[in-house]
Structures are given as C-alpha cells and as structure tokens.
Number of protein chains: 2
Amino acid sequence: MPAPRGHAPSMRDVAQRAGVSHQTVSRVVNDSPNIRSDTRERVLQAIEELGYRPNGLARALAHGRSRRIGLLMESSSHYGPMNMLRGVEIAARRAGYAATTFGVTSPDEFEEGIDFLRDQRVDALAIIAPRAQSLESLARVTLPPACVLVGSMPPDAGGSGPIESLPRVGVDQALGARLAVQHLIASGHRTIAHLAGPADWFDAQVRRHEWLRTLESAGLEAGPTVEGDWRPQSGYDATEALLAIPGVTAVFAANDQMALGLIHGLSDRGLAIPGDLSVVGFDDIPESAHFRPPLTTVHQDFQAVGEAAVDLLLQRLGEASHGTPQQIVPELVVRASTASPGHGPSGAGGTPAAEAPGVR
Amino acid sequence: MPAPRGHAPSMRDVAQRAGVSHQTVSRVVNDSPNIRSDTRERVLQAIEELGYRPNGLARALAHGRSRRIGLLMESSSHYGPMNMLRGVEIAARRAGYAATTFGVTSPDEFEEGIDFLRDQRVDALAIIAPRAQSLESLARVTLPPACVLVGSMPPDAGGSGPIESLPRVGVDQALGARLAVQHLIASGHRTIAHLAGPADWFDAQVRRHEWLRTLESAGLEAGPTVEGDWRPQSGYDATEALLAIPGVTAVFAANDQMALGLIHGLSDRGLAIPGDLSVVGFDDIPESAHFRPPLTTVHQDFQAVGEAAVDLLLQRLGEASHGTPQQIVPELVVRASTASPGHGPSGAGGTPAAEAPGVR
DNA sequence: CGGCTCAATGTTAACGGTCACATTGACGGT
DNA sequence: ACCGTCAATGTGACCGTTAACATTGAGCCG
C-alpha cells in the first residue's frame, strides 16, 4: 500500500519513479508496441508500487472520446423501460463503455436531459422515450452523431424529419400483438376486446393498431377499446366496460399488469378465466407465470434490445459490430388464461362460436 | 443555428467573438460577481450565437470534481435494488449530480466495478450490495471518501473494519418483518411459518431473524423455514414443504413474488387464502394489490432510500444536507390475504386457535 | 494632487492525459 | 567506414477548463 500523498499519483509520478518519460508510461499503459520488455517491467512495477490508476477524465479530454454513453430515459418505473435501461447499461459496459443515466419524469425534462448529457460529453446517446410527446422536444436540440431510440417504434414510421430518421431498435410490437390476437382467433374467439395502454405511448399505439388490423384481416369486427394507464388498478377498473361489450369472450390486454387487474375484477364478479373470458397479456413479467390462472402473454427480451442498441451505437462510433438485428422477435407464451370460448366451468356471455383448433 | 465548424466551440472561441479573454467568459458562465453588465451581455450573446456549451470533462479535470456519483449495483432485476437505483439516480440529479451506473451480475465483478468507477473519477459512490458476499471484495479496494451502502443492513451490525464502518441507508427491515409477524400473531395465528429469501442476502437474513425473534418474544415456537430464491417459482415449489409443517395457519413470505407463487401453489391444491392459510408478503410491488386475494404486505419507499443515500453523500462532500434519516420506516399494508385462522370457506389443517382480535 | 482601494479584466500555469515529431543508437548493406 | 532504416525513447504542444496572481484604470480621501 503506497502512502497516498496529497493527490492520486499521475503519469508523471510513475515516470519519475521508473526513470522514464511520461510518454513511455503512457505507452505501457496503452500496450503500444516498441517497448523493451525490461522497460515495461520497470514501469509496471512503479505503477504497482504507487497504486497508479489512469485518470479517465484526462484521458477523455485529450483523446476526445469519453468512452461513456448517455442513457436518457423517460423514467416511470414500468417494467419495459426499466429493463431496457438495464440491458443497455450491461451491454455498454461489456463493450468498455460506462453508462451515465438521466431519468426524466416528464417530457418537459427531456431537453434538459439531452443538454446535460451532451455537456457530460458522452460519446453516444441511447434514448428510451416510450411516449410520443417526449420525442417532440428532440426536434429542438442538437443530438450527438451517435444516437439511438430504444423501444420507440411508432406504427406510422413515415415522415423524414431529423427525428424520424433516427435509428431505432426494439421488440417488434406489431408481431407481438399479432401473435396474441391470432392465438385468440385460432382458439375460436370471434369477439376480442382490447384493454389498451395510454394512447400517447408508442407501444400502446402499435398494440392497439395491430389488434385492429389482425381482427380485420380475419374478417372479424373490432369493438370499442377500453384505455388503461398500464397499472393493475386500471385493469381492474376496466372490467365493467369490457364485460359490457356484447358477445365478448376474450380480452387482449396491452400489458400483464392490467391483465392482472382485469383478472382480479373478473373473479370479484364470480367469473371464471378462461371459462368465461380468455385473457392475454403482454410483457411476460416474472409474476405472470403465477397469476391465477397463469397468464398467456407475449414475451419480450429486453436484454437483447439493450444489446442491439449498443451494437448499433458502436457501429456509429466506428467500432466493431456484431450485426445484431434491430427488431427483436417476441414470443407468445401460452399458459392457462386462454382457452376456446365456452370451455371451462361457467359460461357467461359468450357467442357459441365454432369449435376452435387446439391451443397447442 | 451556428454552422458547426470542425469542433464544438470552446471558451476561447466565445472569448474571441466577444472581444474578451477566456477567463471573462468563464466568469460569466459561472456567475461570478464583478463583471460589468454590458460585458456580460456581450459574452452571453457570443455564447448564444456560437451555441457554446461548457465542456464538463475539462471542467471536472481542472476543478478536481466531476459532479458525478458512481452507482455500483449488484444488478439482478429484483424489484428492490432496481428501485433503489432509480431513487438514487433521481435524487442525485436533483442535486446537480450525474449518475454513472455499473451493474454487476456476480460478486466477482464488484472489485472491477469499483476500480472502473474510480477511474471515471466519480466524486462519490453509492453501493447497492444486497448480498454479504459482495461486500467482501470491498475490503480489498480503496474506496472513495464519500461512499454509502444502500440497503445492505446486516442483522449483526457488529465489527469495526473499514467496511462495517461505512455509512448505510435503507428501509428498516427488522421493523418491517416485525410488523408482518405481529399482524399475524394479533390475528390469532400461533404457528407461523417463514418462506425465506436466499440466506446470503442481507434482507433475507434480517427478515428471517426478526421473524424468529418476534415469535419468541410472543412465546410462540418457530418451525423450520423454507428457503426460496425470491422468484415466484420458488414460492410455488415451497408449497408442499410449508403445508407439511404441523398446525401451520400462516406464512410470512420474505417477498411478494414468492408469496404469489405460494398462493398459486395453494390454490392448485384447492386451499383457500386466507381461509386455510394466511399469507403476508414483503415489498408491496405494484401487482400485489391485485393478487387473488390481494396481498397483505410490507411497503417500502425506495425512492426515499435513494434520497437519503444522496443526502448522506452530499453531506460527506461538504454540501448542504437536508438531514434525511438513514432508516426509512416501512409500513404494513393489510389486504385480504390474511385473516384469523379458521375464518373463511374451507378449513384444512389449522390449529383451532383462540379467536383473534380483529384485523384492524 | 499623490497615493490607496477596489472593481474589472487579462495572463499564465496548472489538471493529467494523448499526439506529432525529434532524437538517439544499433544494425546491416555496400 | 558511411549512410539509411528502424526500434526505442524523449520533448513539447495541446485538449478546455479553473485557480492564482498581475494589471489597469477610475474613484475617493486627506
């Protein structure tokens, strides 16, 4: 243990101790070639003795790259965003980058967040902006050249402004929604309601849109949608409205939490799941396998999204890329909350639809 | 919009444009007094025109403080750690600090994480280390002067090594466990089992320890504990073992997720909750209010923990402190998963204990 | 009216690295 | 013996700030 003097030892301290120039120390630290091995040894020993550690700040300033990426997230403590955050951070570090996080709680802070991170001189920026409103403020600021939108895929990818042309990575929401609804259709349901997420969320938009499209292309009619706020309570509160839809036998909930609330609401009314109503969720949160009944849902691999995002950023920064795809494929997880209509103990208001093909 | 030249404009560019020295620009940027107001105006205008933003890196290097705090977390995607992370980050930013995160997945990486963050020259370090093993590696590294352990409160706060003397903030786990068990005792339960978390987690240790102590001081006997891994599945798997405990009428689960799995396991066996078995959880995750039945549990305010942690760090850094307490008080949330033994529809293996005082 | 004070500004040196270029020898070919 | 080449190392400037000290000039007082 070296007696820590006034300050942390610098490269010059090491150089002096090893009897070389600071530049040679730099070379050793950065493994450059053309160092005689005994010199290297001497320097390494001095480093060891002094407990020297290179100063990342100074290095960043001189080198022009901070090896840090900024992570701007419209926070909320929702399962999806949270896990993407984690995914990005881990993937970034694996590539040798530190992640500096800025969690905003309202879209107004977005602009501030970008400025903040730019002032921090992050090399790249990953933006987790699940709501449309958040992106609007992006138009007003200068974005760093390496920038990705993580998990904000609007249904209409049109337009060509500076924002629309930003690269995006995320789970293929449309596919996920299609899987969910098709599963219900294949089970024989003909009136499938949708318990939607807040309309200003991209994911909610896509899931709703694709629910509609899938029903239409199967020749089925789509009733009204009930809108929740992602939280379980809003699913619970939606129960009445959903049951009021004539002939409804299944509900596609935009996330697992609302599905949980709905299940709660249904069971409070003595209705059986999937006997009286089939329910499909979205996200596959760790709890959903143990709901009563276990929830059929759409699994999303957020870790993979994080990796894809970082990979794309590295590519932009001119580093090696693994060529990860930008659209992560979701998977349908069939559990016990779905069945053919009319199947099961009770039988409330279900259209006696044609018997469906098996539920695998 | 200024045409962005080769590089981002620096203080000298602004100085030249405003016809002053770079130092004057620095003064304007940092609001120092003794600037003639017309000079200030001129500088501000130059800043505006050039789109100048101060370089945080350079500032940090020169000033010796980076205004960033490091956030080392043994990641896992568990509810508690995740939310503390969020809490700390938000509180930090509110104090003008950026947070640089380092999520480790195994205790081995802890040391690397500290070095990494120290190299990044963070001013302070918040460590979220929920397992005992993680802390061991802390003994081998030099910690920055401002350092807090967030949410790692071992039951035996003894010892006085460099680690034991680190300041800690967190939710009062012992109190939380006591509230849960006392609630069951007050409801008339006399054989209260414990579904514990992994033994190497601090929180699991304290909750188990306090469960034991509370039973003892009430003159009740504590049976064996069943150990899970926090996940719902482990709660489900524990069902059999818990039911095998003679006379058991209630279970104190160490977290909500395992409680959920247990509820699932019980209902699979046709047992009613709380009729046949009362269940109490811990954490109050957003879902637990909508379990079937809604879960009685212990609520923890992680946001408050984050704030307390940052407050403590600021204090260490010599900045103003709000004097936040270091132990956050948890709250018992009584829902429908607990009742007096023998109450409810069914009545499996319950000791016909004395009728209990009401459940609030 | 000389000298003092003090506000307003400029000058120079850090901070701790990297980069571009200069300087040394040793070696090999002719 | 001479020169070019190249590996190994040293030198000085620079990255964009802040800190410490120097300089200027105006206002005030005796």
Side-chain angles (χ1 to χ4, degrees), chain A residues 4-44 46-47 50-68 96 98 118-123, chain B residues 4-44 46-47 50-68 96 98 118-123:
Chain A
R5 304 168 322 136
H7 278 324
S10 80
M11 210 160 234
R12 264 124 181 143
D13 297 325
V14 176
Q16 186 171 8
R17 176 157 197 131
V20 295
S21 77
H22 62 110
Q23 184 58 245
T24 302
V25 177
S26 171
R27 291 193 176 100
V28 171
V29 169
N30 297 307
D31 300 308
S32 50
N34 302 348
I35 296 273
R36 238 178 26 224
S37 59
D38 63 322
T39 313
R40 186 198 315 281
E41 280 317 311
R42 210 145 28 93
V43 171
L44 284 177
I47 287 179
L50 263 54
Y52 166 78
R53 308 240 63 197
N55 183 328
L57 249 39
R59 198 201 293 256
L61 179 60
H63 191 266
R65 295 209 157 177
S66 61
R67 291 201 76 83
R68 286 189 300 155
R118 284 215 314 152
D119 293 356
Q120 289 278 329
R121 291 305 193 266
V122 295
D123 292 336
Chain B
R5 304 169 321 139
H7 278 324
S10 80
M11 211 160 234
R12 265 141 180 129
D13 297 326
V14 176
Q16 187 172 7
R17 176 155 196 133
V20 296
S21 78
H22 63 110
Q23 185 58 247
T24 301
V25 177
S26 171
R27 291 194 176 99
V28 170
V29 168
N30 297 308
D31 300 309
S32 51
N34 302 348
I35 296 271
R36 236 176 31 221
S37 59
D38 63 322
T39 313
R40 186 197 315 281
E41 280 318 311
R42 208 147 27 96
V43 171
L44 286 176
I47 287 178
L50 263 53
Y52 166 78
R53 306 241 65 196
N55 183 328
L57 250 38
R59 198 202 293 256
L61 179 61
H63 190 266
R65 294 209 156 177
S66 61
R67 288 201 79 80
R68 285 189 300 156
R118 284 215 314 151
D119 293 356
Q120 289 278 328
R121 293 302 194 269
V122 295
D123 292 337

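Lettering of chains follows the sequences in order, A, B, ..., and the numbering in each one begins at 1.
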Listed nucleotide nearest any side-chain atom of [X], set [options]:
X     : options                : answer
B/I35 : C/dT9, D/dT18, D/dG16  : C/dT9
A/R12 : C/dT11, D/dT9, C/dG16  : C/dG16
B/Q23 : D/dT17, C/dT9, C/dG10  : C/dG10
B/A58 : C/dG16, D/dG16, D/dT18 : D/dG16

Integer-rounded Å distance: [N] [atom2] and [X] [atom1]:
X      : N      : atom1 : atom2 : result
B/L57  : D/dT18 : CG    : C1'   : 14 Å
B/N55  : C/dC15 : CG    : P     : 19 Å
B/M11  : D/dC15 : CE    : C1'   : 14 Å
A/N30  : C/dG17 : CG    : C1'   : 9 Å
B/D119 : C/dG16 : CG    : P     : 14 Å
A/R65  : C/dG16 : CZ    : C1'   : 20 Å
A/L61  : C/dC15 : CG    : P     : 14 Å
A/R40  : D/dT9  : CZ    : P     : 9 Å

Closest to the 5' end of DNA chain C, once B/N34 and B/H63 are matched to their nearest nucleotides, is B/N34
So, the side chain of [X] versus the backbone of [Y]: is there a donor-acceptor pair under 3.5 Å, distance only?
X      : Y     : value
B/R68  : B/A98 : no
B/D13  : B/S10 : yes
A/D119 : B/G56 : no
A/R40  : A/D31 : no

Within a reach of under 6.0 Å around CD of A/Q16, are more than 12 heavy atoms found that belong to other residues, nucleotides or ligands? no
Just wondering, more than 12 heavy atoms not from A/R65 lying within 6.0 Å of its CZ? no
With hydrogens left out and only the distance checked, is there a donor-acceptor pair under 3.5 Å joining A/R59's side chain and the base of C/dG16? no
Tell me whether the side-chain N or O atoms of B/R27 pair up with the base of C/dG10 as donor and acceptor below 3.5 Å, since no angle test is needed here. yes
Looking for any heavy atom pair under 4.0 Å, which part of the strands does [X] touch: base, sugar-phosphate only, or nothing?
X     : answer
B/R53 : sugar-phosphate
A/V29 : nothing
B/P54 : sugar-phosphate

Short side-chain N/O contact from [X] to OP1 or OP2 of [N], under 4.0 Å:
X     : N      : value
B/S26 : D/dT18 : yes
A/T39 : D/dA8  : no
A/S10 : C/dG16 : no
A/T24 : D/dG10 : yes

